[in-house]
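What follows is a single structure, written as structure tokens, with notes after it.
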Amino acid sequence: MRLPSIRQRVARALLAALLGWGLLAVPLVGLVLHQAVDAVLDSTMQESTEILYALVQPLAQDNAGPLRIMPPSPHDERLVWQVISARGAVQARSVRSPAEPLAAGAAAGFTARTTQDGTAWRVYSIRVDDGGAMLHVAQRLADRKQQQMQVALVSLGTALLLGLFTSVWLGRRVRRELLPLLRMADAVQRHDPWLGGQLPPADRAELVPIRDAVMALGERLSKLVERERAFSAHAAHTLRTPLAGMDVQLAVALQESSPQARPRLLRTRDALARLNLVLIALLNLFRSDRRPQRQAVDVAALITHWPLVGLDVVVEQHAVLQADPELLTAALFNLLDNAQRYGATHATVRVLPGTDGVILRVQDDGPGIEAARLAQLQGAIDSPQQDRPADAALGLGLTLAAGVARAHQGRLRLLPCERGGCIEMSFLATAPVQAGTRRDA
Amino acid sequence: MRLLLLEDDPTLGEGLEAFLRGEGHVVEWHVRLAPVRGLRCADFDALLVDWQLPDGSGVDWVRRLRQSGVATPILIMTARDHLADRIHGLDSGADDYLVKPFAPEELSARIRAASRRAAGAGGGRLRLGDVEVDLAQKAVYRHAERIDLTAQEWRLLEALALRAGRIVSRRDLDELIHGGEGEASSNVVEVQLSCLRRKLGHGLVATVRGLGYRIDP
């Protein structure tokens with residue numbers, strides 16, 4: 001499952017905040033802009049009228065003359081004007097001005113008017129003389145709206161660009177702020193509390209409690225491992241020395257024994273050798289500081305002196321396996337010992353190439369395992385210890401073999417077999433060397 | 001061979017002593033370091049030392065022995081199987097390191113191998129003039145012809161060959177021939193030496209009057 005990313009979440013929150021702010025701000029800014037642009041346009045009209053005032057005064061005084069229309073100008077005329085006589089007739093006008101008066105009466109100031117051709121106008125009027133002549137300067141409402149729209153679009157574009165830039169900048173800023181967290185993760189990754197090292201000091205206040213917590217956890221683990229090591233060393237000494245003593249006593253007894261007693265003593269010594277193998281395997285496998293010490297192990301040579309009385313073991317491929325010899329001994333011996341105890345008289349050990357390494361296959365002529373039980377055991381092998389159902393308890397042999405396979409990044413598989421039992425242990429990244437040998441136990 | 005065994009576990013110590021005696025060695029077994037400190041370690045052919053002893057560390061003692069110039073082969077026997085322990089044990093000056101539990105047969109083989117190496121016969125064969133001694137096969141050749149020896153003759157030859165160049169006293173030879181057990185007859189060494197000289201040549205073993213016997217390498 002992909003976990004949510006803090007950086008993405010913060011960036012998303014910032015983007016949402018920006019969009020929310022934008023949605024709220026756009027109508028307000030639009031309204032303000034609308035008012036401001038309106039005021040600017042009105043002011044322009046007002047100033048234009050005041051400039052025209054001096055120019056059109058002579059025209060207003062010539063109220064008896066014909067209508068005068070100004071010749072077309074070379075530029076796009078946005079404002080139009082009219083001089084209206086006291087009688088209300090258009091005395092003079094700009095070329096694009098409508099023929100009819102833009103405003104009725106002699107009221108000065110801003111008005112709105114829609115002419116007969118349907119054009120809506122904004123009109124500013126002032127008196128030209130005391131006789132009642134008026135000067136109207138007008139602008140089409142459509143032109144005003146177009147100008148307002150242009151301003152709005154430019155503002156919106158600028159705001160969007162600014163938002164985009166801010167979003168990118170904030171994203172980079174957030175990433176930079178998260179870098180100390182990544183550095184700390186890297187330091188934690190390299191941190192080995194067993195070596196007594198310290199994590200580098202936190203360079204952000206928020207990371208101080210995390211660093212302290214990791215250090216405290218490391219110390220707790222370190223003490224735990226220390227206790228385990230002490231126990232392991234003590235257990236090893238307590239168990240290994242008496243076993244060595246028992247073996248040597250049996251060896252002496254064998255030297256001194258009568259021919260009748262020798263078989264009994266030999267069987268006892270074999271049993272002790274079994275116990276030794278299991279004990280060493282257990283001590284190694286469950287020691288937390290023990291990592292597989294891989295080396296080339298000749299499977300055939302490994303099993304040569306194993307006390308497997310009554311079991312004929314054939315190594316079909318005399319293979320050199322990259323594995324921890326003690327762990328491999330524990331696993332393989334227990335699998336063969338299991339086979340023997342369940343009635344097998346013949347076992348074959350093969351080393352085959354696997355997908356990522358090699359597979360060690362042990363096949364015997366014993367009674368095998370029923371399909372239902374096989375599935376149950378495989379489930380137990382593949383599930384963590386605490387998740388195993390009570391009735392799926394593995395024996396020591398399978399537990400050891402599964403543990404050894406896992407220690408070599410491999411897996412233990414129980415395979416359905418027409419006759420007898422078949423078990424495979426995979427070992428990651430090893431290469432078999434071909435040859436052939438046979439060993440009769 | 002004359003062996004010094006330092007092991008505090010009585011079952012293992014007593015068992016090893018009996019087993020090694022059964023193999024024909026002379027074994028002196030101690031459970032503490034204190035009585036061993038007064039011994040001349042050069043008189044032994046190999047030292048078998050437990051790491052942890054009631055009155056001190058066997059490994060520290062080995063280091064001190066090496067610093068004082070003792071070259072006798074030393075085997076550490078211990079329950080410590082960590083890689084760091086093995087390195088520490090060997091770096092202290094031990095020639096070999098054996099993790100318990102071990103088969104006494106393996107210990108015996110390692111003692112033989114260490115002694116061969118110490119005697120300059122790492123490959124198992126030692127050339128003494130026109131005589132070649134195969135310590136691993138317990139065989140002896142003169143002019144490339146195999147010479148049959150009795151068990152006592154072999155023990156005598158082995159004891160002298162492993163100490164080639166050094167004088168070995170008659171008492172020591174007596175003890176080595178009899179594995180430190182039983183009463184040695186007063187002239188057994190002379191009789192066996194006479195047989196050896198007859199089979200391998202009179203120049204092989206030299207008599208050093210008043211001190212003992214010597215084979216020159």
Side-chain angles (χ1 to χ4, degrees), chain A residues 194-195 225 228-230 232-257 265-266 269-285 287-295 304-307 324-327 329-330, chain B residues 3 5-25 27 29 31 48-54 57-59 75-89 96-111 151 179-181:
Chain A
W194 291 269
L195 299 177
V225 169
E228 195 189 316
R229 275 183 186 170
S232 166
H234 181 69
H237 190 262
T238 309
L239 296 169
R240 284 171 182 266
T241 304
L243 282 171
M246 286 159 70
D247 192 45
V248 77
Q249 291 288 348
L250 279 170
V252 174
L254 271 167
Q255 280 179 345
E256 297 168 348
S257 65
L265 286 170
L266 278 171
R269 207 171 175 210
D270 283 348
L272 187 65
R274 276 197 180 88
L275 184 60
N276 281 350
L277 285 170
V278 172
L279 176 86
I280 290 167
L282 286 173
L283 285 173
N284 286 333
L285 198 61
R287 211 162 68 192
S288 59
D289 62 332
R290 179 70 149 75
R291 290 190 179 128
Q293 290 166 10
R294 289 182 187 239
Q295 55 180 273
T304 305
H305 300 295
W306 286 356
D324 184 309
E326 287 184 347
L327 294 181
T329 297
Chain B
L3 305 172
L5 171 64
L6 263 167
E7 170 59 58
D8 63 332
D9 184 79
T11 312
L12 181 58
E14 191 275 326
L16 280 178
E17 185 188 31
F19 181 84
L20 293 170
R21 276 184 196 280
E23 295 261 299
H25 302 290
V27 185
W29 171 39
V31 294
L48 316 175
V49 184
D50 186 15
W51 185 307
Q52 213 161 341
L53 292 159
S57 160
V59 169
L75 282 88
I76 300 270
M77 308 175 301
T78 178
R80 297 176 183 223
D81 67 332
H82 287 218
L83 179 65
D85 291 332
R86 291 172 199 246
I87 293 168
H88 181 60
D96 207 348
Y97 190 100
L98 205 52
V99 178
K100 296 171 186 172
F102 52 80
E105 293 87 349
E106 185 183 353
L107 174 68
S108 192
R110 284 176 186 255
I111 292 168
E181 285 179 344

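In this text, all values refer to a predicted model and were calculated from it rather than measured experimentally. Every chain is numbered from 1 and lettered A, B, ... according to where its sequence line falls, protein lines coming before strand lines.
- Nearest heavy atom pair, residue B:Thr11 against residue A:Met246, reads CG2-N, 4.4 Å.
- To the nearest 0.5 angstrom, A:Leu254 atom CG is 8.5 Å from B:Glu105 atom CD.
- In terms of heavy atoms, A:Arg240 sits closest to B:Ala79 at CD-O, 3.2 Å.
- Looking at residues two or more places apart in sequence or on another chain, you find no salt bridge (charged side-chain N to carboxylate O under 4.0 Å, His left out) involving A:Glu256.
- Considering all non-hydrogen atoms of both residues, B:Gly15 and A:Gln249 come closest at N-NE2, 3.3 Å.
- Only one option out of A:Val248, A:Leu250, A:Val252 pairs with B:Pro104 in a side-chain contact (heavy atoms from CB on, under 4.5 Å); it is A:Val248.
- Here CG of B:Leu12 is found 9.5 Å from CG of A:Asp247. Values are rounded to the nearest 0.5 Å.
- Using a 4.5 Å heavy-atom threshold, the side chains of A:Asn276 and B:Pro101 count as touching.
- With A:Gln255 contributing its side chain and B:Gly22 its backbone, the two residues share no donor-acceptor pair below 3.5 Å.
- Among pairs with a residue in residues 8-18 of chain B, those fulfilling salt bridge (charged side-chain N to carboxylate O under 4.0 Å, His left out) read B:Glu17-B:Arg21, at least two apart in sequence or across chains.
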